[in-house]
Number of protein chains: 2
Amino acid sequence: MTAHTIRYYEKIGLFKKINRNDSGHRDFSLEDVTWAEFIKRLKDTGMPLDQILEYANLREQGQHTAGSRMALLEEHAMALERKIATEQHNLNKLKDKIRYYETLKDIS
Amino acid sequence: MTAHTIRYYEKIGLFKKINRNDSGHRDFSLEDVTWAEFIKRLKDTGMPLDQILEYANLREQGQHTAGSRMALLEEHAMALERKIATEQHNLNKLKDKIRYYETLKDIS
DNA sequence: TCTTGACTTAGAGTTCACTCTAACTTGTAT
DNA sequence: ATACAAGTTAGAGTGAACTCTAAGTCAAGA
């Protein structure tokens, strides 16, 4: 995650209240870093930024949104599971095609 | 695949020689349709258009490029395999997180 | 015949997620 | 003291893959 990307994430609202030091530079707390890592994990699982933003907004509202956040994560986990299954299916199809070409090569 | 998308694919060179009827409309042969389906499969496995285009160009050169095409497909299949493995790993991590939140809920 | 809808083109606009630029200020090493 | 690296902002630019628009032609049903 580059500095540019972090500033961009702050701009779109993924980071809410990053402290600044005397000279106006961002001063990331441990909590900020943990949150950044969590954003990265969600990103790595293919969650689009607007959904992560939704999660971030819930998170800002406090503890009483924990349920909704959980639901969001569970929904995303299921979507990811479906996506992996589809990709596995496509991979098998592709391998079939490759094997088919290999048999052709054996014959000709 | 919408009509717009097909025209776009033709424009960037994915379709090479689509016949036209008397009124200038595209007249897709069975081979064209098969090729379109193959493009779709490659797309569904996450192959970017420039790689599909590379494949299309090889395909146009004729039978003697069959080896290179196979290599391309094999390389892509391996990349897809790695991608699925990573995604599975990320999914597991996400599920761990969800389970962790669930234990918190049980306690509090 | 009239209407409706599908086709044609070149080219403009959109979305996502950055990525970079310009102009400026601040911090660090020698 | 002087470089120079790294921070700040608003806003522009990028790349992938569409997606749509405008202005026009063509075809089929009531």
Side-chain angles (χ1 to χ4, degrees), chain A residues 1-33 35-59 72-73 75-76 79-80 82-83 86-87 90 94, chain B residues 1-33 35-59 72-73 75-76 79-80 82-83 86-87 90 94:
Chain A
M1 222 187 249
T2 70
H4 278 309
T5 304
I6 290 172
R7 292 187 201 115
Y8 169 68
Y9 281 0
E10 192 190 27
K11 186 154 57 179
I12 66 170
L14 282 189
F15 290 106
K16 300 296 178 183
K17 35 166 191 52
I18 292 174
N19 289 330
R20 302 302 179 111
N21 64 15
D22 295 358
S23 47
H25 293 186
R26 288 173 187 78
D27 194 2
F28 293 92
S29 69
L30 237 160
E31 207 196 321
D32 292 333
V33 174
W35 172 232
E37 280 164 359
F38 186 57
I39 290 177
K40 193 173 177 336
R41 171 132 319 131
L42 292 180
K43 275 247 70 217
D44 286 348
T45 60
M47 189 185 276
L49 289 184
D50 55 359
Q51 264 175 61
I52 301 180
L53 184 54
E54 208 181 315
Y55 187 98
N57 289 337
L58 286 172
R59 184 172 171 271
L72 229 159
L73 291 189
E75 213 173 290
H76 178 60
L80 183 54
R82 282 193 298 272
K83 191 186 166 214
T86 307
E87 279 175 341
N90 284 328
L94 186 58
Chain B
M1 223 188 249
T2 71
H4 278 309
T5 304
I6 291 171
R7 291 188 201 114
Y8 168 68
Y9 281 0
E10 192 191 26
K11 188 155 52 180
I12 66 171
L14 283 188
F15 290 106
K16 300 296 179 182
K17 30 156 198 60
I18 293 174
N19 288 331
R20 302 300 181 111
N21 65 15
D22 294 359
S23 47
H25 293 187
R26 287 172 187 78
D27 194 1
F28 292 93
S29 69
L30 238 160
E31 207 197 320
D32 292 332
V33 174
W35 172 233
E37 280 164 359
F38 186 57
I39 289 176
K40 192 172 179 334
R41 172 132 318 132
L42 292 181
K43 275 246 73 216
D44 286 348
T45 59
M47 189 186 275
L49 290 184
D50 55 358
Q51 263 176 61
I52 301 179
L53 183 54
E54 207 180 317
Y55 187 98
N57 289 336
L58 286 172
R59 184 172 171 270
L72 230 159
L73 291 189
E75 214 174 291
H76 178 61
L80 183 54
R82 283 192 299 272
K83 190 184 166 215
T86 307
E87 278 174 344
N90 286 329
L94 184 59

Exercise for the section: Name all pairs fulfilling the side-chain hydrogen bond (donor to acceptor under 3.5 Å, both in side chains) condition that reach into residues 40-49 of chain A, sequence neighbours left out, sorted by first residue then second. Expected result: A:Lys40-A:Asp44, A:Thr45-A:His76
Would you give me the side-chain donor-acceptor pairs under 3.5 Å for residues 2-9 of chain B, sequence neighbours excluded?
{"unit_1": "B:Thr2", "atom_1": "OG1", "unit_2": "B:His4", "atom_2": "N", "d": "3.4"}
{"unit_1": "B:Thr2", "atom_1": "OG1", "unit_2": "B:Thr5", "atom_2": "N", "d": "3.1"}
{"unit_1": "B:Thr2", "atom_1": "OG1", "unit_2": "B:Thr5", "atom_2": "OG1", "d": "2.9"}

Practice task
Would you grab the first and last nucleotide of DNA chain D (5' to 3') that comes under 4.0 Å of any non-hydrogen atom in chain A?
Solution key: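 Both ends considered, the range comes out as D:dG7 to D:dG11.
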Fill in the blank from the handout: Contacts of B:Glu10 meeting salt bridge (Lys or Arg N to Asp or Glu O under 4.0 Å) (sequence neighbours excluded), chain-then-number -> B:Arg20, B:Arg26
Approximate separation, where rounding is to 0.5 Å, of [X] [atom1] and [Y] [atom2]:
X: A:Lys16; Y: A:Asp32; atom1: NZ; atom2: CG; answer: 12.5 Å
X: A:Leu49; Y: A:Ile12; atom1: CG; atom2: CD1; answer: 4.5 Å
X: A:Leu53; Y: A:Leu58; atom1: CG; atom2: CG; answer: 10.0 Å
X: A:Ile39; Y: A:Tyr55; atom1: CD1; atom2: OH; answer: 10.5 Å
X: A:Met47; Y: A:Glu54; atom1: CE; atom2: CD; answer: 8.5 Å
X: A:Ile52; Y: A:Leu42; atom1: CD1; atom2: CG; answer: 5.0 Å

Completion exercise
Ordered by number, residues from residues 45-55 of chain A within less than 4.0 Å of DNA chain C (heavy atoms) are A:Pro48, A:Leu49
Problem - Residue-level proximity of residues 4-29 of chain A to DNA chain D when a heavy atom falls under 4.0 Å - result: A:Arg7, A:Lys11, A:Arg20, A:Gly24, A:His25, A:Arg26
Problem - Short side-chain to backbone donor-acceptor contact, B:Asn90 and B:Glu87, under 3.5 Å - result: no
